[in-house]
Amino acid sequence: MATDAAETPSWRVTQVLGVQVAVADDVLLAALELKQRGGGQIVTLNAEMTMAALANPELGAAIAAADLVIPDGAGVVWALKRRGYRVRRSPGIELARALLEQAAQRGWRVALVGASPEVMALVSTRLCAEIPGLNLAFTLHGYQSPEQWPGLEQQLRQAQPDLVLVALGVPRQETWIQRMHQGQPGLWMGVGGSFDVWSGTKQRAPQWMSRLQIEWLYRLIQEPSRWRRMLALPEFAWAVLRRG
Ligand code: UDP
């Protein structure tokens with residue numbers, strides 16, 4: 001199994017608007033397989049990010065080079081369904097949490113990068129209390145001064161973490177990870193606003209909104225300043241329909 005796995009991943013790769021996305025039966029198993037194969041970058045793709053990738057070549061290149069791109073978001077799942085792929089929506093926040101549980105069970109060294117200093121302090125304490133055995137080897141908030149980053153990045157590399165969760169927002173977290181994970185053995189994953197949610201600072205949309213696939217509306221009500229970014233959603237739907 002180990003030798004076969006080193007050659008061919010067990011998931012298939014297809015595209016949504018030309019952006020790669022994996023079709024996997026179980027995204028956690030796929031991530032664990034990736035770790036066994038030497039680690040790499042995990043991206044959680046939604047409609048907004050797909051459109052951002054088409055507009056921003058640096059983000060597009062980071063996603064193209066990523067090792068596992070999971071369909072996070074009703075829009076991406078819908079676009080895949082139109083092309084005959086039945087996949088379940090895999091919210092990145094849930095995969096990230098499942099990976100933290102695995103890390104505790106397997107004795108992995110974990111690094112958390114990003115979010116405000118207050119959120120990072122809260123989330124570190126909470127996660128250690130909620131996940132027994134979690135080894136938080138390195139934490140770094142996301143508002144360091146530009147001069148501080150190179151030294152801190154060096155410390156992070158030296159810590160040789162098995163799992164690095166990065167909350168710096170899109171596109172920065174993806175491009176930062178692409179640069180940082182080269183030559184590193186761990187799993188590196190962008191997690192957007194997950195630390196804000198785990199710290200209790202922000203709420204996830206209630207289940208009923210998620211079932212109706214209107215989580216975007218909840219997010220818009222919580223953060224009205226996102227409206228301009230959310231125009232990407234109808235643009236995405238239109239682009240998918242136009243492609244037929
Ligand atoms: N963030 C950060 N440094 C920055 C900008 C943002 O650490 O310079 C953090 C922010 O505090 C939040 C996370 O990035 O915890 C994700 O932000 P957002 O919810 O905007 O994510 P997106 O929707 O862009 O993935």
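Atoms within each ligand, like the ligands themselves, are counted from 1 in listed order. The shown structure was predicted, so the numbers you read here are calculated from the model rather than taken from an experiment.
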Shortest protein heavy-atom distance from atom 9 (C) of ligand 1, along with the residue and atom involved: Ala167 O, 3.3 Å

Flag, side chain of Gln160 to backbone of Gln184, donor-acceptor distance under 3.5 Å: no

Arg219/Glu48 salt bridge by N-O under 4.0 Å criterion: no

Check ion pair Glu94-Arg204 (N to O, under 4.0 angstrom): yes

Heavy-atom nearest neighbour of atom 18 (P) of ligand 1 within options Lys202, Glu223, Gln173, Arg219: Arg219

Close approach of Tyr143 to ligand 1, heavy atoms, under 4.0 angstrom: yes

Arg12 atom CZ, neighbour heavy-atom count above 12 within 6.0 Å: no

Exercise: do Gln148 and Ser145 side chains pair donor with acceptor under 3.5 Å: yes

Heavy atom of the protein closest to atom 21 (O) of ligand 1 (residue, atom name, distance): Gly169 CA, 3.7 Å

Heavy-atom nearest option to atom 8 (O) of ligand 1, drawn from Gln144, His141, Arg172: Arg172

Nearest-contact summary for atom 7 (O) of ligand 1 - protein heavy atom, Å: Ala115 N, 2.8 Å

Gln154, CD atom: more than 12 neighbouring heavy atoms under 6.0 Å: yes

Least distance between heavy atoms, Val76 atom then Ala47 atom: CG2-N, 3.8 Å

Interfacing atoms of ligand 1 (cut-off 4.0 Å, heavy-atom, Gly114): 7 (O)

Nearest-neighbour protein heavy atom for atom 3 (N) of ligand 1, which is reported as residue plus atom name and distance: Gly142 O, 2.9 Å

Candidate with minimal heavy-atom separation from atom 13 (C) of ligand 1, of Gly192, Ser194, Gly193: Gly192

Residue, atom name and distance, where the atom is the protein heavy atom closest to atom 12 (C) of ligand 1: Asp196 OD2, 3.2 Å

Min heavy-atom dist Glu48 to ligand 1 below 4.0 Å: no

Ligand 1-proximal atoms of Arg226, by part, heavy-atom distance under 4.0 Å: side chain

Salt bridge present between Glu130 and Arg97 (N-O < 4.0 angstrom): yes

